[in-house]
Amino acid sequence: MLPNLSNCGISPQWRWFNVIFNYTLQVLSLKLDYPNVVVFTSKYWRWWRPMLNTLEYLDLHSNKLNGPMDPIQEPNLVLLNLPFLDLSFNNLSGNIKSCMLVKLRNLSLLDLSHNNLLSLTSCNYGANSTLPMIIEFHFSSCNMQRFPSFLNASKYLQLLDLSNNQIHRSITKWEAEGWENLTTLNLFMNFLISVEKIPGKHLYFLELSSNSLRGPFPTPPQNLSFLLISNNELVGEIPSKICNLSFLSVLDLSKNKLGGTIPDCFGTFGNKLSMILRTLNLNGNQLEGSIPQSLKICFNLEVLDLGNNNINDTFPYWLDTLTNLEVLVLRSNRFHGGIQNFNRTFSFRNLQMIDLSRNEFTGHIPPELFENLKSMKDIQVDESGPEYIGGDYYQDSAIITMKGSDFKLERILTFFTIIDFSSNHFKGSIPKEVGELNSLIVLNFSHNRLAGNIPPSLGKMTALESLDLSSNKLQGKIPVQLTIPLANHFDTFSNDSFDGNSGLCGFPLSKKCGNNQELESSPSTVADDSETTLVWKIAAMGYGSGLVLGLSMGYIVFTTGKPYWLVKMIKRNPQERGRIHQNGRRKN
């Protein structure tokens, strides 16, 4: 059993001494919760080193270690037989000289990531030095400006994480040949401009997103399962040879300048890719043509994001064969025609997000669609903690529209549900069946030609946090179910939800219904007097006019009241720490 020294009431020096006095110690894993409890200086290392000759596993991640990294460069430290050293998520600084680092000859895992004042410099006389036993090298979110050349001869290296650094150059053929045994390569958020060759014959996970890659699509290794090259400047067409990647599970090429059509080979019969592909994200390119119907046999497809392109097609009914599909994004394209030809066998029952906004769809919105969206009804939230679409391997993101502004969800909660049909040419009435989706969180029918009354059944949607019916041709009195706060859910929506409908009247709009009828303003009888008085005071102060929703790096400004689903998530969301492992997963 490892020693647990968290929240101890003894001095740092004595706490260390009580642990390391035993000369047979092999494993030391500490979490020190005191601010500035350890100053990482050579004085302490000189004191500890004689007692640590047999130490093999040193884990000091996520503490408050600070100061320069002089100790790791001391000649005496290299006498340690450390195969495992983790100093990540601290406040260490200074330059680590590669010629001293390579003297830790037994290192198989080195993690110095998330020390943003830490850099790594090469020694002129150490050009031929290497870490011969290294398997995992983590130097993410530091201050590295070039590839570590001393790793090129590390024949056992399998995982290299240099994400979120300042590397400005290309991946040359020479470097690629030196990393032939890599299975995981993460170069996310650097300044790479080109890739002469993607390294690793056995590469499983490749992350090149958020760089400055230009030119055509690079040739990927055959065994890739995760290929992430979003937010670059790639041009040309998506090569059909991408379909030769028999094990490809996630393909994210979003936010590039790729043109042409989507390759008609993803779902070719006999191709293993049709059974493995889980995420296809081509959002934010210049793709044209139609959606290839070969995708209908990609039976494990969960996320299909083709938004923000120039695709000219009708609604892909044939996607109803994809019973695992959870996210369908077709926004900001040139889709046209009606979507009302659904029948009772419609099988999009696992959809949690459907975004058809900013297209040219016409006709009525079919009631049958909402009758079959089973995944937007009676969702049970896991109390053990938040879960995201994609799980541990790859967490999908999406762009959603709230009150006319776009926001990015860096990760999509498994219980986050949204229907966005805004900015089309839909007509007719709002189907009352929408009200049966009691787990729906966002509903946006704005900027269409919808007419008639707002169905009172929308008041039954107790999970609804954002409602936008603005800029239509709706009429009549706004249902009282949408304007009165309930005891257990702040279920009201501001006038922004109904603006631009000249025929609507009643609270919260300023237009009264009838000649002299007063606006409804009395609270529901489901709450007692003290509760309703407090609720309406909060409403009067503007509580319903804006709540900030933080989801990963994005935020959403809600105009509907308290998001109870988010509060539950935050209360049980502990501090997370991620590390990419050899198989591409992130460990929390």
Side-chain angles (χ1 to χ4, degrees), residues 351-357 365 367 369-371 373-381 398 400-405 407 409 412-422 429-448 450 453-472 474 478-499 501 504 506-509 523-524 526-527 535 538-539 543-549 551 556-569:
L351 269 184
Q352 293 181 216
M353 297 182 63
I354 178 170
D355 188 348
L356 308 182
S357 63
I365 298 177
L369 169 62
F370 308 107
E371 292 176 353
L373 294 178
K374 305 297 183 183
S375 289
M376 299 187 186
K377 303 176 183 179
D378 303 320
I379 294 179
Q380 300 298 318
V381 179
I400 67 171
T401 300
M402 303 285 290
K403 298 304 178 185
S405 299
F407 300 92
L409 301 178
I412 306 173
L413 287 160
T414 53
F415 58 84
F416 187 82
T417 53
I418 177 174
I419 294 176
D420 190 347
F421 288 3
S422 63
S429 60
I430 299 175
K432 66 180 187 304
E433 288 78 5
V434 179
E436 301 300 324
L437 305 180
N438 58 2
S439 295
L440 187 64
I441 292 174
V442 178
L443 177 62
N444 191 346
F445 284 160
S446 67
H447 294 87
N448 280 285
L450 299 174
N453 296 326
I454 299 175
S457 62
L458 296 189
K460 298 189 297 182
M461 304 171 71
T462 55
L464 196 63
E465 299 289 351
S466 177
L467 173 66
D468 194 349
L469 304 178
S470 62
S471 299
N472 279 285
L474 300 171
I478 297 176
V480 68
Q481 292 89 340
L482 299 177
T483 63
I484 292 182
L486 305 179
N488 61 345
H489 185 75
F490 199 78
D491 212 12
T492 62
F493 302 98
S494 68
N495 57 352
D496 290 344
S497 298
F498 310 102
D499 278 347
N501 292 277
L504 283 180
F507 184 81
L509 298 177
S524 170
V526 295
V535 167
I538 294 174
Y543 181 84
S545 64
L547 284 172
V548 177
L549 167 62
L551 285 175
I556 302 172
V557 179
F558 279 137
T559 59
T560 59
K562 185 174 182 179
Y564 283 93
W565 62 275
L566 176 63
V567 172
K568 292 180 180 179
M569 180 197 75

Which pair of non-hydrogen atoms, one from Met353 and one from Ile400, has the smallest distance, and what is that distance?
CE-CG2, 3.9 Å

Decide yes or no for Leu467 and Phe445: does some side-chain heavy atom of the first lie under 4.5 Å from some side-chain heavy atom of the second?
no

Polar side-chain atom of Ser457 near backbone of Lys432 as donor-acceptor pair, under 3.5 Å:
yes

Quick one: CG on Leu458 to CD1 on Ile430, what's the gap to the nearest 0.5 Å?
6.0 Å

May I have all residue pairs that pass salt bridge (charged side-chain N to carboxylate O under 4.0 Å, His left out) and include part of residues 434-444, sequence neighbours excluded?
Glu436-Lys460

Could you walk me through whether Leu464 and Ile441 pass the side-chain contact (heavy atoms from CB on, under 4.5 Å) check?
CA-CA 4 Å; Leu464 196 63; Ile441 292 174; 5.8 Å; no

Output all residues satisfying side-chain contact (heavy atoms from CB on, under 4.5 Å) with Ser471, sequence neighbours left out; order by chain, then residue number.
His447

State, with a plain yes or no, whether a side-chain heavy atom of Ile365 is found less than 4.5 Å away from one of Phe370.
yes

Specify the closest pair of heavy atoms between Asn448 and Phe421, including all atoms of both residues, with the distance to one decimal.
ND2-O, 3.0 Å

Closest heavy-atom contact between Lys374 and Glu371?
NZ-O, 3.5 Å

Side chain to side chain, Phe416 and Leu409, heavy atoms closer than 4.5 Å:
yes

Note: Leu440 and Thr417 closest approach over all heavy atoms is CA-OG1, 3.1 Å

